[in-house]
Structures are given as structure tokens and as C-alpha cells.
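In what follows, a structure is listed as C-alpha cells, so that the remarks can point back to it.
Please read all numbers here as calculations on a predicted model, not as lab measurements.
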Amino acid sequence: MTVDICNASVSLQSAEALTSWNAMIRAFLAHGTATPQHLGATLEADPDFAMAHAARGLFSLMLGRAEMWAVAEGALASAKAARAARPISDREACWIDALEAWLAMHPTGAIAALEKALQDQPQDTLSAKASQAIRFIRGDAAGMRRSIERVLPAHGPDHPLCGYVLGCHAFALEETGEYARAEHTGRAGLTYAPDDAWGLHAVAHVHDMRAEPGAGITLIENHKSAWDGSNNFRYHVWWHKALLHLDLGQLDLALTLYDSQIRADKTDDYRDIANATSLLMRLELEGIDVGTRWDELGALAAPRIDDGCLVFADLHYMLALSGAKEGTAADAMAARFARDAKDSGEMAARVADPGLAALEGLNAFAEGRYGDAFTLLAKARPKMQSIGGSHAQRDVFERMTIDAGLRAGHLDGTEAILLDRLALRAGHEDRFTATRFDRLSSARRIPAQ
């Protein structure tokens, strides 16, 4: 056995394979474009490295695409064959267990397996990042924070990957409401890992939640090296910049960023679809005509109605279908949700609650049935975090709930949600909150007049 850049055990057989593996770890932590190439080079140099096969499987599942399920199953078979071919470390065995658990529709079991690896080797940055990634997909902000804080002491300044761990900690702090600590931690992490797009985006989240659009824009513009060379995650950073311009009332600039950056590549990656649909919906809520932009997204979402990998992805596909007026596809997705909600398991539970109510609420909003939309989206609210994503990403559904309530005249209920949204932001009032409180006040004055 040898150790990799994480100072964690691996059964690699050659220096060439170790070099490629270490490069893969750095690329994965930085959301780099070369991650799959380095992983492929590792397996080419050492085809019986079980952990690389398991990593390929877990990374495939993180993509949230139905066709990647078969890839992950093949990776599991290869990992098990590699395990039979030669001794492997306990850490590698945990990664195989994690992949097998997720394929059994038990992502919490995958997290448990990765946490077991971290118990023995808390300096294992790769396992820490993978654990946070799965918890993020599940909307487990408190779990993200507990996990990363357990391994922080093993990632001091002498650890070559400490900056990336600080970036993970910053994001967990932000998602659990500790905005000042999140900013400090994220900026500290960037001094160790200037290419940490995740850490940069954690600080951008802080500025979003504290209604500091100018500071957020400056942060992003001054740290291009952290995200300009990343994979499609760079589109997400551009999305954050567009949101900050939106908060400044610069709606045309936000739409320009949509065309020039956020949809520069017309991919159907669910994360890219989420960026696009949620920005278009925000713009429409502000009265902007987005033209035919929904059509492209609807065409990409229509083949995804049966994916069923992530409720978060499905709801954004539904936004695309509704915006493009793809009624037949939208009805088919609603029918599939109804079927999936009757299944057992972790994923089915999220479809049943909050998925069904949220999906029906989005349909009602698209059809102009704002009273129904408010009732359904408000019903889904208590468990919306469980679909995954961040506060900023899920905020599009919060905004739609608030606007549905205003349009339907559910003023007291809408006010309660606005106050909840304000509290989540530690009392920092952004442009959306201010304008909706104004509309609420006007709505209450009109009957008296």
C-alpha cells in the first residue's frame, strides 16, 4: 500500500498511476475539466485499481442522469472484480460500499460508507468532498457541516489540499446561516487554493444572502482564476453573477449574461438547466419578456421526463416544460411523479413529499391558477430543502410561492413566507423582498380605498 496526495491509503501499483490519481483528486476538488481524463489515465495505468472504478461510478451518479445508472453499475462490477484480483485498503472498500448503497437507492448508506473511511483517515480530502457532494444532493446542510468539521483538524496549513476543505466548510457554514464565518473561511481557503470554484461560490452565496450584490460582483470579477477554467460549474458562477445584477435591478444585464455565458453551451446537464430555468423564471417574475428562450430548454427537458434521478432536477425540467408550453410532456411527468410516489425508498419518499405538491404547484402557476399554486407550493415548503440544492437555488420556488400568493390575494400567508425568507437572510432585505413587501402593502390598501 502507498498513500496519495490526501495522505490516505491506496493500492496503486505504479508511480504513473499515482501521479494521474493525484491529478484527478486536485481536478475533482477544483471542479476541473480534466477530472475524467485523469481518472481514465489512472485506470489505463492500473486497470485493477478498485477505488478508481468506484469513483467513476459515484461520479456518474452525481450527474443525475438516467443513462449514467448503467455506467455506475458497470463501474461497480469492475470495482468488485478489481477487489478480487488483489488486496485493497479499507478506504477503497468503503468507496465500493458507497457505490453499491447508492445503486440500491440508499444514498444515506453511501454517505455512511464515506464517513466510515473518514473515521480512519480524516485527512482524506477526496472522501470528505464526495460526502459533502452527496449530502448537498440530499439537501442535508447540517450533515455537510458536521462532516467537514470532523475532518478540519486533520487539514491544517501543512495539508496540500487544506484550501479545498476550507471551501467546503465555508459553503456548509453559509447554508447553516453563519454568514460572517462563511465569508472569512471561504476567503481564507482561496489563499491556499486559488482555483477552488466551490469556495469562491460559497462566498458569493454569502453576498447573495446578505443582499450585498456589489460586493458579490466584485468578488467574482476579481477571482476569475478560481472558476474560469472549471467545468460547467463556471456557468453556475456566471448564474450567481446574474442574480447579483438582478438584485441591483440590472435586468437587461442579467439577460445578457444568460445568452453570452450561462447558456453559451446548449447542454442538457440538469445543473445547467437549473441555472437557465431559474433565471428565466426570476426575470419573468420581474416582468421581463424572455422571448423564445424557453423553447430550447423545453426541447431538452422533454426527453428527461422519465429520468427520476433527482426531484431537484425534475422540478427544473418542469419549469422548462411549462415555460415552453410543452403540455403533453408536462402531463407525462406529472403522471410519472404520481407513480414514483407510490414506490418505497429514499428517493420515492422525496417524490411523495414535497415533490408531488411542488410539481402540481408549478403546473398551477403556469396555468394561471395562482390560488392553487400558492396552496400547493406552500404545502411543499416545509420539506423543500430535502430535494437538494442550495438556498439560492431553491429560492426560485420561494419567489413563485410569494408571487402566487400576492396574485391570488392570500396576503397573510404571503406575508408569513416573506418574513421567513427575510429571517433566513438574517434580516437583510434584498430587492425582491422590498418590492414584494411594497406590493403587499398596496394590496392591503386597495380594499380600504
Side-chain angles (χ1 to χ4, degrees), residues 57-58 60-66 68-69 72-73 76 97-116 130-147 172 175-176 270-271 273-274 301 304-319 321 330-364 372-373 375-391 393-398 400-401 420:
L58 283 175
S60 296
L61 293 178
M62 289 175 189
L63 295 175
R65 301 166 67 89
M68 299 309 294
W69 207 262
E73 289 175 333
L76 178 61
D97 291 343
L99 176 56
E100 189 162 31
W102 198 346
L103 284 170
M105 306 298 285
H106 187 40
T108 54
I111 293 168
L114 293 171
E115 292 296 324
K116 182 180 177 183
S131 179
Q132 178 166 103
I134 302 174
R135 289 181 188 273
F136 174 67
I137 289 170
R138 290 181 47 76
D140 183 10
M144 284 194 297
R145 183 167 170 179
R146 287 194 304 271
S147 174
E175 287 295 295
T176 53
Y270 84 87
R271 295 161 296 189
I273 297 294
R304 295 285 167 191
I305 58 176
D306 290 319
D307 261 27
C309 293
L310 300 170
V311 173
F312 176 88
D314 286 338
L315 294 183
H316 286 88
Y317 292 144
M318 182 57 79
L319 282 180
L321 296 174
D331 290 344
M333 178 172 276
R336 196 263 296 167
F337 257 52
R339 294 193 302 271
D340 289 356
K342 297 175 183 177
D343 291 339
S344 59
E346 295 177 31
M347 302 303 291
R350 279 167 169 72
V351 174
D353 186 16
L356 272 177
L359 192 82
E360 292 173 1
L362 296 182
N363 274 334
D372 292 339
T375 299
L376 289 161
L377 291 171
K379 178 183 177 182
R381 279 188 77 244
K383 291 189 178 180
M384 280 299 281
Q385 183 159 336
S386 71
I387 71 169
S390 65
H391 293 311
Q393 288 175 308
R394 293 187 302 271
D395 189 50
V396 67
F397 305 119
E398 196 85 327
M400 293 177 72
T401 308
D420 281 349

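Smallest separation of non-hydrogen atoms from Asp307 and Gly64: OD2-O, 4.0 Å. Closest heavy-atom contact between Leu362 and Met400: CD2-CE, 3.7 Å. Of all non-hydrogen atoms in Lys379 and Ala357, the two that sit nearest each other are CD-CB, 4.1 Å. Scanning both residues, Ile134 and Pro107, for their nearest heavy atoms gives CG2-O, 4.1 Å. Pairing each heavy atom of Gly109 with each of Ala101, the nearest pair is C-CB, 3.6 Å. Nearest heavy atoms, Leu114 versus Ser131: CD1-N, 3.7 Å.
A salt bridge does not link Lys116 with Asp97: every distance from a Lys NZ or Arg NE/NH1/NH2 to an Asp or Glu carboxylate oxygen is 4.0 Å or more. Glu115 has no carboxylate O lying under 4.0 Å from a charged side-chain N of Arg146, or vice versa, which leaves the two without a salt bridge.
To the nearest 0.5 Å, atoms CZ (Arg271) and CG (Leu63) are separated by 5.5 Å. Here the straight-line distance linking atom CD of Glu175 with atom OG of Ser390 works out to 5.0 Å at 0.5 Å rounding. Rounded to the nearest 0.5 Å, atoms CG (Leu310) and CZ (Arg350) are 10.5 Å apart. Between the CE atom of Met144 and the CZ atom of Phe136 there is a distance of 7.0 Å, given to the nearest 0.5 Å. Interatomic distance, Phe312 CZ to Gln393 CD, rounded to the nearest 0.5 Å: 4.0 Å. Separating the CG atom in Leu359 from the CG atom in Leu319 is a distance of 9.5 Å, to the nearest 0.5 Å.
Between Arg381 and Glu398, the closest side-chain pair of non-hydrogen atoms falls below 4.5 Å. Taking the side chain as every heavy atom from C-beta outward, Asp314 and Tyr270 never approach each other to under 4.5 Å. Within the 4.5 Å cutoff, the side chain of Leu61 has heavy atoms near those of the Leu99 side chain. Inter-residue side-chain proximity for Arg65 and Arg304 is flagged as met; some heavy-atom pair is nearer than 4.5 Å. Asp343 places none of its side-chain heavy atoms less than 4.5 Å from the side chain of Val351.
Although no hydrogens or angles enter the test, the distance criterion places a donor-acceptor pair under 3.5 Å between the side chain of Thr176 and the main chain of Ala172. A donor-acceptor pair is defined here as one N or O able to donate and one able to accept, closer than 3.5 Å; such a pair exists between the side chain of Arg336 and the backbone of Ile305. Proximity of a side-chain donor or acceptor of Arg394 to a complementary backbone N or O of Gly388 within less than 3.5 Å is detected. In this structure, the side chain of His106 does not engage the main chain of Glu346 through any donor-acceptor pair within 3.5 Å.
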Worksheet item: Is there a side-chain contact (heavy atoms from CB on, under 4.5 Å) between Ile387 and Met384 once you walk through the steps?
Response: CA-CA 6 Å; Ile387 71 169; Met384 280 299 281; 3.8 Å; yes
